[in-house]
Amino acid sequence: MIPVKKHLSTDVLVVGGGIAGLSAAISARASGVGVLIAEKANTLRSGSGATGNDHFLCYIPEKHGPDVSVIVKELHQSMMGASQDVPLSRRFLEKSFDIVKLWHSWGINMRIDDDWTFMGHAFPGRPRIFLKYEGDDQKPILTREAKKAGADILNHHMIVDLFRTRDGIAGALALDVSGEAPSFAVIRAKCVILATGSGNRLYTSRNTPGTLFNTGLCPGCTASAQAQAWRIGATLVNMEQPVRHAGPRYFTRVGKATWIGIYRYPDGRLLGPFVTKATKELGDITSDVWNSSFSDVMHNGTGPAYIDCSDVPAEDLAFMRRAMASEGLTGLVNYMDEQGIDPARHAMEFGQFEPQLMGHGVQIDINGETDVPGLFAAGDAIGNCRADLGGAAVYGWICGEEAAKRAAACELVPEEEAEKDAWLAERMAHYSSFHERASRHGWQEVNRCLQQIMSDYANVGPHHVRSENLLNAGLKYLADMRALAGTQMAAPDAHTLMRAIETLDLMDCGEIIMHAARERRETRGMHIRSDFTFTNPLLNDKFLTIRRERGKPVTAWRDKLTA
Amino acid sequence: MPPVIDETKCIHCGKCADICPLSVFFFRREERAVPEVRYPDECWHCNACGLDCPQGAVSLQIPLNYMLLRIEASQLKQTKE
């Protein structure tokens with residue numbers, strides 16, 4: 001058995017030290033409670049915001065006017081609008097400017113050209129919702145602020161499971177991955193905030209099918225929050241709905257809206273009718289409107305689609321280069337330089353990437369709390385308020401405040417109780433079995449098999465269908481894979497055990513996605529059912545929830561909150 | 001082999017290993033050696049190591065199958081005209 005080497009306790013445990021987690025930690029500390037962040041890498045450079053971001057969704061009254069509902073409406077009409085409970089997006093937007101100002105005061109430049117400047121994903125003649133900023137050093141700066149606020153940071157510790165009492169959350173189990181030999185730490189906490197980011201490595205890479213880590217967002221983000229919350233009975237929402245980002249091929253990287261250019265067919269015709277000359281103020285939004293465009297033109301043979309930056313003014317191209325560094329794309333930019341690729345001269349092919357989990361996951365209430373009392377969630381892992389980086393920063397902050405309030409009024413579960421917790425013992429034995437096994441079957445084989453099953457039986461549009469038959473087959477094969485992994489996957493050291501547990505989390509998410517997709521007996525967005533080809537108007541403004549009860553999935557429809 | 005460490009510049013501080021979001025390096029402080037790129041297939045090519053190395057000793061080697069697909073933009077205009 002892998003030994004338990006640490007017993008820790010805290011008021012608020014933050015799971016994952018990305019943008020949402022650091023924000024939550026700082027705000028909870030500001031409310032005067034103890035905070036511990038557990039991060040499987042290092043908060044200085046972890047998660048999808050590791051090396052930067054350049055657009056922060058927010059509402060700034062002096063720019064947008066006094067009525068927040070204008071921006072609420074714009075958010076709901078955007079690509080990420082479908083899975084939002086309105087009161088949550090409203091609370092997020094109302095708080096967002098405070099967080100923007102805080103970030104600026106900490107040294108993250110939120111005022112390019114000395115003003116609040118909105119660019120990217122912008123529709124002609126419509127309010128703009130993305131604040132352009134320079135996020136190159138956001139993670140080191142937020143880490144510094146979290147430390148300054150007095151939060152403890154436990155780097156190289158991956159939270160692998162949560163544990164609870166009948167009354168609510170009680171803490172979490174961490175795997176120490178700082179050395180070669182794994183060990184566990186049991187962390188008791190009054191409140192836990194899940195902030196583990198998006199879910200990648202679920203589907204076969206669209207760009208490079210042979211690789212697991214060529215993903216648009218951080219491949220270390222593996223929907224652990226969804227899987228862990230699910231395992232202790234918390235409700236998830238909108239899990240059947242995928243997100244597909246787009247960008248360059250074959251080096252997969254998000255940041256589409258940082259590129260300034262026009263999308264064209266190979267014969268030079270414009271892909272969309274919206275913008276004929278791109279500037280930094282207004283780029284081409286064809287693929288925001290026509291989300292499947294890059295795939296459609298490949299499917300019908302009129303593609304590929306190119307982004308043409310050659311007509312963009314030189315000063316705007318210089319601006320784009322700077323913005324790419326802010327967006328965290330220096331790996332891509334350096335590579336383009338090495339290869340002599342110049343956006344002024346070369347048109348780059350763009351494509352859609354594989355599906356991922358983002359903004360579809362843990363269901364929270366207006367305070368960021370799940371239906372397990374004391375368990376909160378923020379950022380890309382939540383399922384009913386998606387706003388990407390801005391959402392992570394702002395809802396992280398809200399969760400920190402609310403968790404601190406709750407923590408101040410409740411008690412830790414006693415140490416003896418944690419020690420004899422049957423669920424924790426079961427999970428430790430389960431994870432230890434992979435470490436103790438003599439086998440040559442690594443986690444990569446299991447992760448690839450999961451991707452094969454998801455891509456064959458639970459794939460998404462355009463040009464892929466789901467059906468009762470396919471999903472039933474997929475669930476059967478996933479169960480078979482789980483049985484194989486359970487007896488044959490081996491993890492000889494801490495690092496590979498971390499990857500193996502990530503893969504187990506992804507398998508849970510794959511299963512949840514298939515159960516939810518089976519329940520959504522209609523076609524909506526990229527969820528295309530060959531056996532239910534219509535979009536059912538009776539399901540407009542309805543969300544599909546799913547949770548686990550006595551080992552079985554329980555789905556339910558609820559009204560989307562609109563007031 | 002994604003991150004490549006220039007052994008003549010490396011001062012064995014372990015920063016790259018400590019901050020890598022995907023933990024692809026293996027480093028033991030007491031050995032005072034160049035970190036080993038133990039899990040090259042797990043590199044995200046985010047360049048955190050390149051940005052944070054105090055000696056500028058780490059660069060990325062992008063796999064050949066990550067080739068960026070492009071054409072001369074002038075070709076689009078020729079066909080358009």
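Below, each value reflects all heavy atoms present in this structure, side chains not excepted, and no hydrogens, waters or symmetry copies. In what follows, chains are A, B, ... by sequence order, proteins preceding strands, each numbered from 1.
A:P266 and A:T302 get closest at one heavy-atom pair: CD-O, 3.3 Å.
Across A:H346, A:E349, A:Q444, A:K40, the residue that shares the most heavy-atom pairs under 4.5 angstrom with chain B is A:H346. No other option in A:A41, A:A50, A:P219 has as many heavy-atom pairs under 4.5 Å with chain B as A:P219. Note on A:P248, A:S310, A:C218: by heavy-atom pairs under 4.5 Å with chain B, the leading option is A:C218. Comparing A:L212, A:T208, A:T330, A:N214 by how many heavy-atom pairs each has under 4.5 Å with chain B, the most go to A:N214. The residue among A:L44, A:T496, A:I341 with the most heavy atom pairs within less than 4.5 Å of chain B is A:I341.
With hydrogens and angles disregarded, no donor-acceptor distance shorter than 3.5 Å links the side chain of A:K277 to the backbone of A:G261.
Donor-acceptor pairing under 3.5 Å is recorded for the side chains of A:T43 and A:T143.
For chain B, no part of A:D137 is nearby; none of its heavy atoms comes within less than 4.5 Å. Heavy atoms of A:S178 lying under 4.5 Å from chain B are absent altogether. With a 4.5 angstrom heavy-atom cutoff, A:L217 touches chain B only via backbone atoms. Heavy-atom distances place both the backbone and the side chain of B:N65 under 4.5 Å from chain A. For B:F27, no part sits under 4.5 Å from any heavy atom of chain A, backbone or side chain. Proximity to chain B (any heavy atom under 4.5 Å) is restricted, for A:T211, to the side chain, taken from C-beta onward. Both the backbone and the side chain of B:I19 come within contact range of chain A, judged by heavy atoms closer than 4.5 Å. Using a 4.5 Å cut-off between heavy atoms, A:E39 does not touch chain B at all.
Rounded to the nearest 0.5 Å, atoms CD (A:E134) and CD (A:E327) are 12.5 Å apart.
Looking at residues two or more places apart in sequence or on another chain, you find a side chain to side chain donor-acceptor pair (under 3.5 Å) between A:T204 and A:S455. Scanning for side chain to side chain donor-acceptor pair (under 3.5 Å) contacts around B:R38 gives A:E180, B:E36, with sequence neighbours left out.
Between A:F350 and A:Y263, the two ring planes are tilted [angle within 30° to 60°].
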Pair A:E502-A:R499, salt bridge (Lys or Arg N to Asp or Glu O under 4.0 Å): steps then yes or no: CA-CA 5 Å; A:E502 289 171 352; A:R499 294 278 178 257; 3.1 Å; yes
